[in-house]
Amino acid sequence: MNKMGIKSLVSITDYSKEKILQILDKAAEFEKNPNQKILDGKVIATLFYEPSTRTRLSFETAVNRLGGRIIGFADKSTTSGTKGETLKDTINMVSNYADLIVMRNPIEGAARYASEVASVPVVNAGDGANQHPTQTMLDLYSIKKTQGRLDNINICMVGDLKYGRTVHSLLMAMSHFSPTFTFIAPDELKMPDEYKMFCREHNIPFKEHSELNEANIADADILYMTRVQKERFTDLFEYEKVKNVYILKNSLLQNTKPNLRILHPLPRVNEIEQEVDENEKAYYFEQARNGVFARQAVICDLLGL
Ligand code: CP
């Protein structure tokens, strides 16, 4: 909550366990009936300072299906930011126009700053390598839907665990539900120490490996694949070294648990072979669809509707 008493969703830690469960129940209701007039008369601003396909379009679908209207931009080069306008002034201005702001920005902490200056709720749609809380809500929704529960799930996170903001948010959210983690990453992209410290403080068991092989994923309920985040590398030579470090194929999935489901926040580059799309354990496109319902629930909650 900011000085004006406005609630935002900036980090998944803004939500208690009870709030997470309440939002997931609300999302399930929206999945049954996504077309309603709840946002009639409301204007939602989507301010995307970084590229996006799913997050922006699923937010906009969520609002359109609930009868609200959208303003915003998908490309910062079309805004007065290019003339030197500050983020503070932009957020102040947009607060005059919209009832809620959804913002993606490459700078870690930009969403928190925006939430402090805005006079309307702000939803963090990704701030650098930091957090992506609505992705986490749709990930939790997808886990609950596919596993029938959130408690005692074994999650194997694979790929870019250093820069992948979705794994950071998911790890923190799952701390309410007694998870077990396996982190599979090359040395250059290991889970940052602060998140491993978080696991230790919350008595969450985790293992670390650098190989994606049958043995390391044998116990997983969820295989959470991630893309190597090219845009976060300052040295593209370093990116070239790790970009194809893991490639998931059907052959690797043969002895996995029957209930295993493969999640990926998308976009995918090379880390999941196209053949896996037809595997019954692939769930990433349904996961992206779930984003509409989770985001409808988040928006309505923040607007008190
Ligand atoms: N998952 C996700 O954030 O996708 P986009 O970058 O396409 O929004």
Side-chain angles (χ1 to χ4, degrees), residues 9-12 23-24 27 44-65 70 72-77 100-108 110-111 114 122-143 145-146 155 157-174 189 222-233 239 243 246 248 261-272 276-277 282-299:
L9 176 59
V10 171
S11 163
I12 198 64
I23 298 280
L24 295 181
I44 310 298
T46 55
L47 314 184
F48 277 69
Y49 291 86
E50 263 195 335
S52 166
T53 298
R54 273 146 298 276
T55 308
R56 187 172 67 82
L57 295 183
S58 63
F59 262 114
E60 296 190 359
T61 303
V63 172
N64 280 313
R65 289 196 181 280
I70 296 282
F73 52 83
D75 180 352
K76 68 175 180 186
S77 70
L100 180 143
I101 295 171
V102 177
M103 185 180 80
R104 171 170 290 187
N105 194 292
I107 300 169
E108 292 184 28
V122 172
V123 180
N124 181 6
D127 62 330
N130 188 30
Q131 286 265 324
H132 193 353
T134 60
Q135 176 71 44
T136 302
M137 291 311 297
L138 76 92
D139 291 346
L140 294 174
Y141 188 70
S142 300
I143 293 169
K145 216 169 135 182
T146 60
I155 302 185
M157 296 175 165
V158 180
D160 186 347
L161 307 187
K162 178 178 179 187
Y163 296 119
R165 57 193 171 203
T166 68
V167 290
H168 302 159
S169 293
L170 182 60
L171 180 150
M172 295 177 108
M174 286 303 295
L189 300 175
I222 294 291
L223 185 59
Y224 196 97
M225 299 295 297
T226 63
R227 172 179 68 92
V228 177
Q229 308 271 302
K230 182 180 182 182
E231 63 275 30
R232 311 276 174 237
F233 283 74
Y239 168 73
K243 69 176 184 184
Y246 305 127
L248 184 66
R261 289 296 175 272
I262 303 155
L263 302 188
H264 188 314
L266 304 178
R268 159 208 22 209
V269 186
N270 293 324
E271 59 278 3
I272 302 179
V276 179
D277 298 356
Y283 192 75
Y284 29 91
F285 294 120
E286 290 96 328
Q287 176 190 2
R289 179 174 178 271
N290 291 335
V292 173
F293 318 124
R295 288 174 171 131
Q296 286 180 321
V298 167
I299 291 168

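Indexing begins at 1, ligand by ligand and atom by atom, following the structure's order. Only a predicted model underlies this, so the values are computations on that prediction, with no experimental measurement involved.
T61 and L57 make their closest contact through OG1-O, 2.6 Å (heavy atoms, listed as atom of the first residue, atom of the second, distance). When every heavy atom of A129 is checked against every heavy atom of H168, the shortest pair comes out as O-ND1, 3.1 Å. Pairing each heavy atom of V167 with each of D160, the nearest pair is CG2-O, 4.4 Å.
The immediate protein surroundings of ligand 1, defined as residues with any heavy atom under 4.0 Å of it, consist of S52, T53, R54, T55, R104, H132, Q135, P265, L266.
Going from atom NE2 of H264 over to atom OH of Y224 covers 8.5 Å, rounded to the nearest 0.5 Å.
Looking at Q135 and S169, their side chains never bring a donor and an acceptor atom within 3.5 Å of each other.
Between D139 and N290, the closest side-chain pair of non-hydrogen atoms is not below 4.5 Å.
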